[in-house]
Amino acid sequence: MIPPGQVATYGQIAALAGRARAARAVGLVMRGCPPGVPWHRVINHQGGISKRANASGMLAQRVLLLGEGIRLRRGRVPLDRYRWDAHARGRRTNGRREA
DNA sequence: GACTTGACTAGAC
DNA sequence: AGTCTAGCCAAGT
């Protein structure tokens with residue numbers, strides 16, 4: 001349910017699933033994510049693309065994110081700007097994100 | 001059912 | 001800010 005052009009951290013997903021401390025498990029389970037899941041919008045808490053067994057996957061993710069208009073700063077996604085806020089979903093942030 | 005592994009995080013140096 | 005360590009949860013052996 002993460003909207004295009006935005007990203008969420010593993011911890012966020014875990015929290016939404018009711019397992020606030022299962023961020024690590026989120027990544028594990030996501031290894032076998034079914035088609036249709038915007039897995040590329042999930043990044044680590046530092047806004048970076050987490051390392052995995054298959055390095056090519058990281059590349060693909062970077063490309064997909066760029067394709068959605070997400071600009072990377074120093075190799076990481078500026079969470080202050082692109083982090084998906086599940087509670088404010090639908091609210092107009094007017095392009096800029098407030099605290 | 002116990003042990004290991006890993007697409008994570010938060011806190012301390 | 002970058003690096004290291006210790007908890008955490010679920011899956012695969």
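Here is how names work: the chains are called A, B, and so on, in the same order as the sequence lines, proteins then strands, and each is numbered from 1. Every value quoted in this text rests on a predicted model; they were computed, and no experiment measured them.
In terms of modelled atom types and a separation under 3.5 Å, the side chain of Tyr82(A) and the main chain of Ala8(A) share no donor-acceptor contact. Under the 3.5 Å distance criterion, the side-chain polar atoms of Arg19(A) are left unmatched by any main-chain donor or acceptor of Ala14(A). Remark: side-chain polar atoms of Gln61(A) are paired, donor with acceptor, to backbone N or O of His40(A) under 3.5 angstrom.
Of the candidate nucleotides dG7(C), dA10(C), dT9(B), dA10(C) has the atom nearest to the side chain of Arg19(A). When the nucleotides dA10(B), dA7(B), dC8(B) are ranked by their closest atom to the side chain of Met30(A), dA7(B) comes out on top. In this structure, of dC9(C), dG2(C), dC8(B), it is dC8(B) that holds the atom nearest to the side chain of Tyr10(A). When distances run from any side-chain atom of Leu28(A) to the nucleotides dA7(B), dG6(B), dT9(B), the shortest one goes to dG6(B). With dA7(B), dA10(C), dC8(C) as the choices, the nucleotide that has an atom nearest any side-chain atom of Ser50(A) turns out to be dA7(B). In this structure, of dG12(C), dC9(C), dC8(B), it is dG12(C) that holds the atom nearest to the side chain of Arg31(A). Side chain of Trp39(A), nearest nucleotide from dA7(B), dA10(C), dT9(B): dA7(B).
Here the straight-line distance linking atom CD1 of Ile70(A) with atom CD1 of Ile43(A) works out to 7.5 Å at 0.5 Å rounding.
For dG7(C), the paired nucleotide is dC8(B), the pair qualifying as Watson-Crick or G-U wobble because both relevant distances are below 3.5 Å. For dA1(C), there is no paired nucleotide, since no Watson-Crick or G-U wobble pair has both relevant distances below 3.5 Å.
In this entry the distance linking CZ of Arg76(A) with P of dC8(B) reads 14 Å, nearest Å. Nucleotide dA7(B) holds its P atom 12 Å from the CG atom of Asn44(A), rounded to whole Å. What separates NE2 of His45(A) from P of dA1(C) is a distance of 13 Å, to the nearest Å.
Nucleic acid contact class of Ala53(A) (heavy atoms, under 4.0 Å, all strands): sugar-phosphate only. Among the protein residues, Ala22(A) comes within range of the sugar-phosphate backbone only, with heavy atoms under 4.0 Å from sugar or phosphate atoms but none that close to a base.
For a distance-only test at 3.5 Å, the side chain of Arg24(A) qualifies as a donor-acceptor partner of the base of dG7(C).
Looking at Gln12(A) and His45(A), their side chains never bring a donor and an acceptor atom within 3.5 Å of each other.
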